[in-house]
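As the structure is a prediction and not an experimental result, all values here were calculated from the model. Heavy-atom basis, side chains included; hydrogens, waters and symmetry copies ignored.
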2 protein chains.
Amino acid sequence: MGVSDQKEATASKEKPLKHVLLAGIYSQPRSGYELTKWMQVAGQHCWSVEHSSVYPALRELEKDELIKSERLPGTRGPERSIYSITAAGLEKLTAWVANGSPRPAIKDEQLLRVLCFDLLPREVALAQIRSVRADHQAQLEFFLERQSVLTEHQPGPLLVTRRGVLAEQAYIAWCDEVEEMIARRPD
Amino acid sequence: MGVSDQKEATASKEKPLKHVLLAGIYSQPRSGYELTKWMQVAGQHCWSVEHSSVYPALRELEKDELIKSERLPGTRGPERSIYSITAAGLEKLTAWVANGSPRPAIKDEQLLRVLCFDLLPREVALAQIRSVRADHQAQLEFFLERQSVLTEHQPGPLLVTRRGVLAEQAYIAWCDEVEEMIARRPD
DNA sequence: CTGTGCATGTAACATGTTACATGATTCA
DNA sequence: TGAATCATGTAACATGTTACATGCACAG
């Protein structure tokens, strides 16, 4: 009993990245390269790391037999390892999914800049917030395009995309409020 | 030429935390303890670190003469150092505020869980998303309360709080979409 | 007189980035 | 033939967390 108990006790505090990778592999077998792209594009608003963190994590997951790999020649490019989830991995992923998450961590420097906007001439502040707005507008359009090709048959990807849409719309609405308030302020 | 050029070249890539602290001190002179609280409460959706990162950063800022400290007896509690921003610090902060920010980094495990919700029995998934919604509802109420005591005379804090309100409302709206879609799905 | 909040600090550890390194394939 | 993309990997570094450590002051 002792051994397996210990394993289950430590299971919950495992690195989030490993679970993210498990989720990515579960949703579709992928290579390390593809997983990196997936995180940076589709999962942009979920979790994203550089490839240098991905490959070691994959090797650990494989060592623990939560995933298995298959060498395949690249369609265009060199050979790569395609990972797929094992029964043990699926079990672990399910247990993780069943747990609640802490509130998402946010690191948004732009908010701090807005907090200090009275340091800037009005025109500079206005230009900045408009540029930020444009950036989020572009991101919104990306999510809207993804949304349009998804159906309720893929509820997971659809809901993740919906989150992107709603989040970007909220950010844009906030930018508009910021712009309005700056415009009203005496210079 | 060489020396000051180098200093200005490296200036832009300084640690974000230092700028966050400068912003916090600029908005109001504070102690390390108060800055930590400020980040975790008011700045919850901006930038937040533990106190163990704050004190060393403050000492570096003081060493660079961007802030200065004053020892004061605590109103109730031990003596503390109250930091205020210097002219050099204000200059640096202004330069930072004038720059644009990269898009905010988000680490939201919950999205990945929803991506894999088909692994869970419907009731478990429903319970989870409702609990997440309640958490964000509570956070929304916190921001709404802050908003109600702020006026346009403090545009900075007001806009930061507005961001909190809009962000939480968007998250709650998303939770509702998730709940709806799960409820519709065959079990 | 004990717990809670105020207040500061250090050290070991975890996690992730940047930069360095390599090499294949495809397209212009 | 040179740039772009695919594909994987390592090592040094940056940043932040957890845990450990200390001590005052006030309330119950």
How many Å lie between [atom1] on [X] and [atom2] on [N], as a whole number?
X: A:Leu72; N: D:dA7; atom1: CG; atom2: P; answer: 10 Å
X: A:Leu21; N: D:dT8; atom1: CG; atom2: C1'; answer: 15 Å
X: B:Lys37; N: C:dT4; atom1: NZ; atom2: P; answer: 14 Å
X: A:Glu50; N: D:dG9; atom1: CD; atom2: P; answer: 16 Å
X: A:Glu70; N: D:dT8; atom1: CD; atom2: P; answer: 13 Å
X: A:Leu35; N: D:dG9; atom1: CG; atom2: P; answer: 13 Å
X: B:Glu60; N: C:dG9; atom1: CD; atom2: P; answer: 13 Å
X: A:Glu109; N: D:dT15; atom1: CD; atom2: C1'; answer: 13 Å

Could you tell me whether B:Arg113 sits above the aromatic face of A:Trp96, with NZ or CZ closer than 6.0 angstrom to the six-membered ring centre and within 45 degrees of the axis?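 Verdict for A:Trp96: a cation-pi partner in B:Arg113.
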Pick out the pairs of N or O atoms, protein on one side and nucleotides 10-14 of chain D on the other, that lie under 3.5 Å.
unit_1, atom_1, unit_2, atom_2, d
D:dT10, OP2, A:Arg59, NH2, 3.3

Which is it for B:Tyr26 and A:Asp118 under the side chain to side chain donor-acceptor pair (under 3.5 Å) test, yes or no, and what are the steps along the way? CA-CA 11 Å; B:Tyr26 160 71; A:Asp118 52 355; 3.0 Å; yes
Nearest-0.5 Å distance, OG1 of residue A:Thr36 to CZ of residue A:Arg30: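 Those atoms lie 11.0 Å apart.
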Considering all heavy atoms, the nearest [X]-[Y] contact:
X: A:Ser48; Y: B:Lys107; answer: O-NZ, 3.7 Å
X: A:Arg122; Y: A:Arg185; answer: NH1-O, 2.7 Å
X: B:Ser52; Y: B:Pro56; answer: O-CD, 3.2 Å
X: B:Val54; Y: B:Gly32; answer: CG1-O, 3.8 Å

Test side chain to side chain donor-acceptor pair (under 3.5 Å) applied to A:Asp176 and A:Tyr171, step by step: CA-CA 9 Å; A:Asp176 289 337; A:Tyr171 210 104; over 6 Å; no
Is the number of heavy atoms from other residues, nucleotides or ligands within 6.0 Å of CD (B:Gln147) greater than 12?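 Atom CD in B:Gln147 is crowded, with more than 12 foreign heavy atoms closer than 6.0 Å.
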What nucleotide, of D:dG16, C:dT8, D:dA7, holds the atom closest to the side chain of A:Arg80? D:dA7
Given C:dG16, C:dT8, D:dG16, identify the nucleotide with an atom nearest to the side chain of B:Val49. D:dG16
Roughly how bent is the helix from C:dC1-D:dG28 to C:dA28-D:dT1 end to end, in steps of 10 degrees, with each end axis from five pairs?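 Between the first-five-pair axis and the last-five-pair axis there is 30°.
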Residue closer to the 5' end of DNA chain C, B:Lys107 versus B:Ile82 (nearest nucleotide): B:Ile82
